[in-house]
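Data first, discussion second: the structure below is written as structure tokens.
Numbered from 1 within each chain, the chains take letters A, B, ... in sequence-line order.
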There are 2 protein chains.
Amino acid sequence: MGPGPSDVSPRVLNAMARSTIGHLDPAFVSLMDETKALLQYAFQTANSLTLPVSAPGSAGMEACFVNLVEPGDKVIICSNGVFGKRMHENVIRCGGEAIIIESSWGEQTDADELEATLKGHPEVKAVAMVHAETSTGVRNDIEKLCHIAKQHNCLTIVDAVTSLGGIELYVDEWQIDAVYAGSQKCLSCIPGISPVSFSEHAVAAIRKRKYPVQSWFLDMNLIMGYWGEGKRAYHHTAPVNSIYALHESLLILTEEGLENAWTRHTRLHNKLVSGLEGLGLSMLVKAEARLPQLNTVCVLDGVDEAKVRTTLLNEFNLEVGAGLGDLAGKVWRIGLMGHGCSDRNVDYCLAALKTVLK
Amino acid sequence: MGPGPSDVSPRVLNAMARSTIGHLDPAFVSLMDETKALLQYAFQTANSLTLPVSAPGSAGMEACFVNLVEPGDKVIICSNGVFGKRMHENVIRCGGEAIIIESSWGEQTDADELEATLKGHPEVKAVAMVHAETSTGVRNDIEKLCHIAKQHNCLTIVDAVTSLGGIELYVDEWQIDAVYAGSQKCLSCIPGISPVSFSEHAVAAIRKRKYPVQSWFLDMNLIMGYWGEGKRAYHHTAPVNSIYALHESLLILTEEGLENAWTRHTRLHNKLVSGLEGLGLSMLVKAEARLPQLNTVCVLDGVDEAKVRTTLLNEFNLEVGAGLGDLAGKVWRIGLMGHGCSDRNVDYCLAALKTVLK
């Protein structure tokens, strides 16, 4: 019950242990097509360029930035946690110029501030934002932020690492041009593979670049040749077994139904928060901005937060996350993600915390 | 028996299916330390910066280039196949200047030509070469090439994707400064993770860079904080299950012994070649430059090479690789890698080919 990797479903572990076949084997190509369709459902998109990047979420992030940001491009970053800062690093390393809208850790990005910033910078090419900030437990209102960005004709780049499968996300309806997600959060798949999706606007921007994409490995112009329609051209050897695992995790999500999964996360979040408050604990984030899948709990004065985590891990076999960056030592992060988001886990976590904090 | 991914050992598949634990869990950190020590043995190196990159071999290649090549740096590429060309792409995308020593596909790089090129270009920073060229089946004499490069004070970068675990490779003795390998070739591990190792010279070059590494995901300055000594700093979520798999595949290699594994590959290669010649087939590469783990067989005139591969796959459940690039349609590539390099497989392959070619 940490911030991820989340508990992986036994079905996913079994799927992953199937025999490895070739990355150009016709049976594998069929599985790729199915995986793509399942990802389109999970993202709620018809985007043809929807696929898993063969590396963790941080590489999914980098895939979006290196393909869309060219030297000299201006990008607004809505930053209110670790992953906003990481986006900033990406823009710098692409030779772009970042304009940062910084909000306090634990607060949402202010839509009015984005509007004002865009008015002052009509030359901005893209606006980047984090849907579910795993470092703080804040849900940013990306529907509103994307709407504003599109009114100013900007591309929108969204970090959905922790949101995919856990909370409402409508890539097409919300006009998201590039989105990357994690496998190891609400999909309860193994870590190491990152679903991404690019809109037609994004694909057009990638195709008319002035400079080559600085990463050969993440160059979507080349990856399209392997994941696209028709004959598959070898680019790199796909992580075959990780794709078996992703495929199975997406099947599980589809069987439950996306809306049902979102509802389950919300219901168990409410149960967890109510239990935590019963133990005298309080949440960092105000109720309307909380992520159900990542619960940031304030450490009580005088409590040794690291010792609590170690005791939970060693005596209860229960992982809870530490605070990152500005929040180090101040909060615990309790994940309720995918397969691990269950009544049983909430009950167990509350009982364990009650014992340890006594 | 294609060019990889090779047949994965059941032990590796089982190890990979263990429950996913956190990437900062003390039990996982111990496994990381063991994996590092096992990799040092496989590479025959004492390099402290030895670890698996969380992505396929192409990202391992990119990790070496983006960390060592800065804008304006000159790099000699010894190119005689697909992977030499890919190195060239990497140098360009790093803003470096590549000087290509091009040899025919199927031939080795000429050491005298490297010597002469270095004499004409004293400003060169690094020399890059492919140990086992998977596209042609050629073994380059990298011991000799590295020796020459070091005499001219260059850094040496080696592609060992298909060589690690299959043929002699002595990273320290041969003075290799940066090396990347594949998991899915002679280690018979699943694809998607790439062992790399950097010498002290390479680490010094990375630390004194003028420009930041263009990839955040592959920046060794940051990755050292997670894979180095002491407290582990979160960089990205490690592909936990893939590391279980790599660890198991390296244990298998260690149990057999590196020298024994090399001997086995050579013995079965000789058996395969002799059988192929008995069927009237000939090898593309001259005997002294052949890779035991990747056998490039010339297609006989009048034979439909694609049909042979399809029949082998569909009727014999046997994968054999097609030619790439300049060799497309002209050769088959038969892999004898790791777990798949066995008497049983050689016998089966020869019997199947005999039937299909009749």
(request) Return the option, out of Thr237(A), Asn90(A), Leu24(A), Ile193(A), with the maximum number of heavy-atom pairs under 4.5 Å with chain B. (result)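 Max contact count across the listed options: Thr237(A).
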(message) With chain B as the partner, which of Ile190(A), Val82(A), Asp25(A), Val240(A) has the greatest number of non-hydrogen pairs under 4.5 Å?
(response)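 Most heavy-atom pairs under 4.5 Å with chain B: Ile190(A).
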May I ask you to name which of [options] has the most heavy-atom pairs under 4.5 Å with chain A?
| options | result |
| --- | --- |
| His235(B), Gln184(B), Arg86(B) | Arg86(B) |
| Gly22(B), Gly2(B), Pro10(B) | Gly22(B) |
| Gly192(B), Ser6(B), Ala59(B) | Ala59(B) |

Tell me which donor-acceptor pairs under 3.5 Å the side chains of residues 213-225 of chain A have, and how far apart each pair is, sequence neighbours excluded?
| unit_1 | atom_1 | unit_2 | atom_2 | d |
| --- | --- | --- | --- | --- |
| Gln214(A) | NE2 | Arg93(A) | O | 3.1 |
| Gln214(A) | NE2 | Gln214(B) | O | 3.0 |
| Ser215(A) | OG | Phe217(A) | N | 3.4 |
| Ser215(A) | OG | Leu218(A) | N | 3.0 |
| Ser215(A) | OG | Glu62(B) | OE2 | 2.5 |
| Asp219(A) | OD1 | Asn221(A) | N | 2.9 |
| Asp219(A) | OD1 | Asn221(A) | ND2 | 3.1 |
| Asp219(A) | OD2 | Arg93(B) | NH1 | 2.8 |
| Asp219(A) | OD2 | Arg93(B) | NH2 | 3.3 |

(message) So, using salt bridge (Lys or Arg N to Asp or Glu O under 4.0 Å) as the criterion, who are the partners of Asp7(B) when residues are at least two apart?
(response)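 Partners of Asp7(B) by the salt bridge (Lys or Arg N to Asp or Glu O under 4.0 Å) criterion come out as none, since no residue qualifies.
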(request) Pull out the residues in residues 11-20 of chain A that come under 4.5 Å of chain B, heavy atom to heavy atom, sorted by number. (result)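 Result: Leu13(A), Met16(A), Ala17(A), Arg18(A), Ser19(A), Thr20(A).
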(request) Check whether Pro26(B) gets within reach of chain A through its side chain, its backbone, both or neither, counting any heavy atom under 4.5 Å. (result)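 Just its side chain gets close to chain A.
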(message) Less than 4.5 Å to any heavy atom of chain A: does that hold for the side chain of Phe83(B), its backbone, both, or neither?
(response)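 Phe83(B) touches chain A through side-chain heavy atoms alone.
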(request) Give the minimum heavy-atom separation between His236(A) and Ser58(B), together with the two atoms involved. (result)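 Taking every non-hydrogen atom into account, CB-OG, 3.4 Å.
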(message) Which residues in residues 312-320 of chain B have any heavy atom closer than 4.5 Å to a heavy atom of chain A?
(response)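 Heavy-atom contacts from residues 312-320 of chain B to chain A are Leu313(B), Glu319(B).
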(request) Would you mind checking which part of Ala245(A) comes under 4.5 Å of any heavy atom in chain B, side chain (CB onward), backbone (N, CA, C, O), both or neither? (result)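 Neither; nothing under 4.5 Å.
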(message) Going by side-chain contact (heavy atoms from CB on, under 4.5 Å), Asn241(A) matches just one of Pro5(B), Ser242(B), Pro191(B). Which one?
(response)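 Option passing the side-chain contact (heavy atoms from CB on, under 4.5 Å) with Asn241(A): Pro191(B).
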